[in-house]
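Notes follow once the structure below has been shown.
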2 protein chains.
Amino acid sequence: MRTVPRPALTSTSKGVFRVPASCFADRLGDLIPLSPAEQAALARLEERERHLKRGAVLVRENDPAPEMFILRAGSMMSYVLLDNGSRQILRFLFPGDMVAITGLVYRDAPENVIALTDCTVAPFEKPALSRIVVEHPRLAALMVVYNQIERMALTDRLAGLGRSSAKARVAAILLEIRGRRRIVDREIGDSFLLGLTQEEIGDATGLTSVHVNRMFRQLENEHLIARENGRVTILDERALARTANFVNRYANLDLSWLPEPR
Amino acid sequence: MRTVPRPALTSTSKGVFRVPASCFADRLGDLIPLSPAEQAALARLEERERHLKRGAVLVRENDPAPEMFILRAGSMMSYVLLDNGSRQILRFLFPGDMVAITGLVYRDAPENVIALTDCTVAPFEKPALSRIVVEHPRLAALMVVYNQIERMALTDRLAGLGRSSAKARVAAILLEIRGRRRIVDREIGDSFLLGLTQEEIGDATGLTSVHVNRMFRQLENEHLIARENGRVTILDERALARTANFVNRYANLDLSWLPEPR
DNA sequence: CGGTAAATTGACCTGGGTCAATAAATGTGG
DNA sequence: CCACATTTATTGACCCAGGTCAATTTACCG
């Protein structure tokens with residue numbers, strides 16, 4: 001669904017939430033309008049559902065990885081563990097994201113995926129994707145597009161880890177999480193629920209939780225952000241984006257070359 | 001071509017090198033045998049050629065990016081420049097690699113690509129790729145597979161930058177470069193031409209050239225590697241891989257789900 | 001053979017890590 | 001709704017891996 005039921009939010013007036021046939025179709029539909037046949041094909045990926053409690057492990061590194069998933073509700077993260085015992089968080093996942101797509105390629109999972117909140121995922125197998133690629137070339141092309149966008153996002157994080165300061169990295173992750181949540185819930189403005197511990201932010205940015213805390217305080221002292229509990233409010237977006245070296249990778253796309261839909 | 005003409009190598013007995021119709025087809029062919037029709041389709045991407053001198057800029061960040069390329073000979077690198085003036089190298093490119101595929105998605109290039117040695121590239125346009133996706137679903141799927149492998153490679157580098165020591169990062173890049181060169185030239189053993197300055201290694205690993213130098217010396221003192229000029233010899237591969245936290249992402253693939261070739 | 005780029009090395013400095021002690025917040029069972 | 005248990009957040013004191021600066025040396029190049 002587009003909005004995760006969180007009491008603090010007022011994005012939907014009622015307690016009942018509309019659940020689209022395919023969260024993934026909604027996401028690709030943000031790039032370009034899909035044909036009914038394409039929507040139907042994607043909906044078939046989300047026919048089954050599985051529910052996970054917060055903290056549940058969906059995929060464990062080195063275990064066989066026969067399934068892939070679309071995240072339908074809640075949030076998750078993927079990470080790897082190094083032999084020195086430390087954790088590198090690779091990606092935070094939100095509704096509409098493909099989860100564990102690496103399963104498409106590797107016999108055993110190269111990363112862990114766990115639920116950050118209670119969530120709903122739709123599992124599917126490799127032949128299902130194969131069928132879509134054959135029957136809907138434009139969807140195949142869109143998946144390539146999606147991969148590329150994600151590759152650029154990874155690339156930005158790489159540049160952040162390699163070449164920017166702790167403050168910049170923390171600022172960047174705030175903008176990233178806000179942007180990601182906004183894709184799912186258009187109502188989100190400058191104030192949003194972070195939904196991550198400082199240790200998680202550290203493991204995503206290559207810092208210690210202690211230093212993440214210091215950077216939060218610094219951003220607060222400079223009036224770039226404000227915090228109350230897990231909620232962050234961006235006070236000076238321009239300044240925050242400047243310190244973060246932020247680039248919006250969902251802007252300036254050129255999809256004019258896509259083949260005809262079926 | 002599979003082998004770059006470098007005088008020091010003896011991989012081919014004569015001075016004449018066989019140039020395959022499609023370097024990219026050769027690369028995908030390492031994953032799974034391609035049908036004649038598939039090979040022909042890929043060969044069409046490499047009908048034109050362009051030659052670049054060492055140091056030449058193929059793609060400049062923020063310039064319009066209408067073209068994509070297959071690297072046919074030589075080596076290149078892609079990087080971004082941050083406002084603080086520092087450079088993050090994203091990827092080293094070798095024959096058979098797709099170059100500037102981000103052009104498929106973005107109107108303006110998000111990264112720079114320059115030639116590290118004199119090289120040959122084959123330019124093609126977006127509709128060419130679109131045609132392949134429509135006519136050869138299995139090739140579309142293989143491109144998705146390739147994207148995923150590259151995503152894991154990026155991910156490994158991310159984990160390296162975020163969570164491992166300078167020594168581990170330098171060890172990792174040595175193993176990576178050796179592995180990449182070996183894909184192109186099967187004759188390469190434990191000794192290989194690095195082809196990168198210490199500053200470039202630093203910009204790829206998030207270190208300064210000075211510290212890269214110190215790490216080289218340390219690896220040398222511990223008898224993990226030896227060096228003469230630009231040539232590196234791996235003396236103790238197991239130990240090097242251990243300090244590097246190295247994982248071979250081209251192993252353990254599962255491509256049994258791919259659709260039928262055409 | 002000069003001239004420029006790259007590699008090396010030493011001396012010294014700092015951003016971010018480590019350790020440890022508290023304080024808040026969040027859950028949990030009753 | 002309360003008392004206790006477990007995470008999470010915060011802060012201070014101190015340390016070190018890796019950065020900075022600067023001086024040579026070495027390799028490469030026309």
Side-chain angles (χ1 to χ4, degrees), chain A residues 6-8 53-55 82 84-89 114 116-118 160-174 193-221 225-232 243, chain B residues 6-8 53-55 82 84-89 114 116-118 160-174 193-221 225-232 243:
Chain A
R6 263 188 270 107
K53 292 264 170 236
R54 180 156 72 90
L82 309 202
N84 61 24
S86 59
R87 173 175 74 171
Q88 175 67 49
I89 294 177
I114 72 170
L116 287 170
T117 64
D118 290 359
L161 288 199
R163 290 299 187 209
S164 63
S165 68
K167 183 156 55 146
R169 295 186 223 173
V170 171
I173 206 175
L174 290 178
L193 213 110
L194 195 44
L196 302 172
T197 67
Q198 294 180 2
E199 183 162 12
E200 284 159 352
I201 293 174
D203 284 345
T205 54
L207 300 169
T208 56
S209 59
V210 174
H211 206 61
V212 168
N213 187 283
R214 294 197 272 243
M215 294 303 101
F216 268 141
R217 176 144 320 288
Q218 207 173 316
L219 291 172
E220 225 171 18
N221 290 341
I225 64 168
R227 289 180 302 156
E228 346 107 46
N229 302 339
R231 179 161 286 272
V232 173
T243 71
Chain B
R6 264 187 269 109
K53 291 265 169 236
R54 180 157 71 89
L82 309 200
N84 60 25
S86 58
R87 172 175 76 170
Q88 174 66 49
I89 294 176
I114 72 171
L116 286 170
T117 65
D118 290 358
L161 289 199
R163 291 297 187 210
S164 64
S165 69
K167 183 158 52 148
R169 294 185 223 175
V170 171
I173 205 174
L174 290 178
L193 213 109
L194 196 44
L196 302 172
T197 66
Q198 294 180 3
E199 182 161 12
E200 284 158 352
I201 294 174
D203 284 345
T205 53
L207 299 170
T208 56
S209 60
V210 174
H211 206 60
V212 168
N213 187 284
R214 295 196 272 241
M215 294 304 101
F216 268 139
R217 177 141 322 285
Q218 206 172 317
L219 291 172
E220 226 171 16
N221 290 340
I225 64 169
R227 290 179 302 155
E228 347 106 47
N229 303 339
R231 178 161 288 272
V232 173
T243 72

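Every chain is numbered from 1 and lettered A, B, ... according to where its sequence line falls, protein lines coming before strand lines.
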Q: Give the rounded distance in Å between these two atoms: CZ of R231(A) and C1' of dA25(C).
A: 16 Å
Q.
Quick one, E200(A) and T197(A) - any side-chain contact, counting heavy atoms below 4.5 Å?
A. yes
What pairs of nitrogen or oxygen atoms, one from the protein and one from nucleotides 23-30 of chain D, lie under 3.5 Å apart?
none

Q) Who pairs with A204(A) by side chain to side chain contact (heavy atoms under 4.5 Å, CB included), at least two apart in sequence or on another chain? A) I89(A), F92(A), R157(A), I173(A)
**Q.** Protein-to-nucleotide contact annotation, 5' to 3' order, nucleotides 14-19 of chain C [B base; S sugar-phosphate only; - none; under 4.0 Å, heavy atom]
**A.** --BBBB
Q) Excluding sequence neighbours, so at least two apart, what forms side chain to side chain donor-acceptor pair (under 3.5 Å) with E220(B)? A) R217(B), R227(B)
**Q.** Contact summary for A166(B) and H211(B), nearest pair of heavy atoms
**A.** CB-CD2, 3.5 Å
Q.
Can a donor-acceptor pair be found, under 3.5 Å and without considering hydrogens, that links the side chain of D118(A) to the backbone of R54(A)?
A. yes
Q | 5'-most by nearest nucleotide on DNA chain C - R217(B) or E200(B) | A | E200(B)
Q) By side chain to side chain donor-acceptor pair (under 3.5 Å), which residues pair with N229(A), not counting sequence neighbours? A) none
Q | Distance in angstrom units between Q198(B) CD and dG18(D) P, rounded | A | 16 Å
Q. What pairs with R163(B) under salt bridge (Lys or Arg N to Asp or Glu O under 4.0 Å), at least two apart in sequence or on another chain?
A. D203(A)
(Q) Taking the axis from the first five pairs and the axis from the last five, what angle separates them in the helix from dC1(C)-dG30(D) to dG30(C)-dC1(D), rounded to 10 degrees? (A) 60°
**Q.** Spacing between D203(B) atom CG and dA6(C) atom P, to the nearest angstrom
**A.** 12 Å
Q: Rounded off to whole Å, could you give me the CG-to-P distance for the L219(A) and dT10(D) pair?
A: 13 Å
Q. Does S209(B) have any side chain to side chain donor-acceptor pair (under 3.5 Å) partners at least two apart in sequence or in another chain, and if so, which?
A. none
Q) Partners of Q198(B) by side chain to side chain donor-acceptor pair (under 3.5 Å), sequence neighbours excluded? A) N213(B)
Q.
If the cut-off is 4.0 Å, is R227(A) near the phosphate of dT10(D), judged by side-chain N/O to OP1 or OP2?
A. yes
Q) Going through the checks in order, is the side chain to side chain contact (heavy atoms under 4.5 Å, CB included) test met by Q88(B) and L161(B)? A) CA-CA 11 Å; Q88(B) 174 66 49; L161(B) 289 199; 4.2 Å; yes
Q. Heavy-atom distance under 4.5 Å between the side chains of L174(B) and L194(B), does that happen here?
A. yes
**Q.** Spacing between F216(A) atom CZ and dT11(D) atom C1', to the nearest angstrom
**A.** 16 Å
Q) What is the distance from CG of L196(A) to C1' of dT26(C), rounded to the nearest Å? A) 17 Å
Q | Contact under 4.0 Å: N213(A) side-chain N or O vs dA9(D) OP1/OP2 | A | no
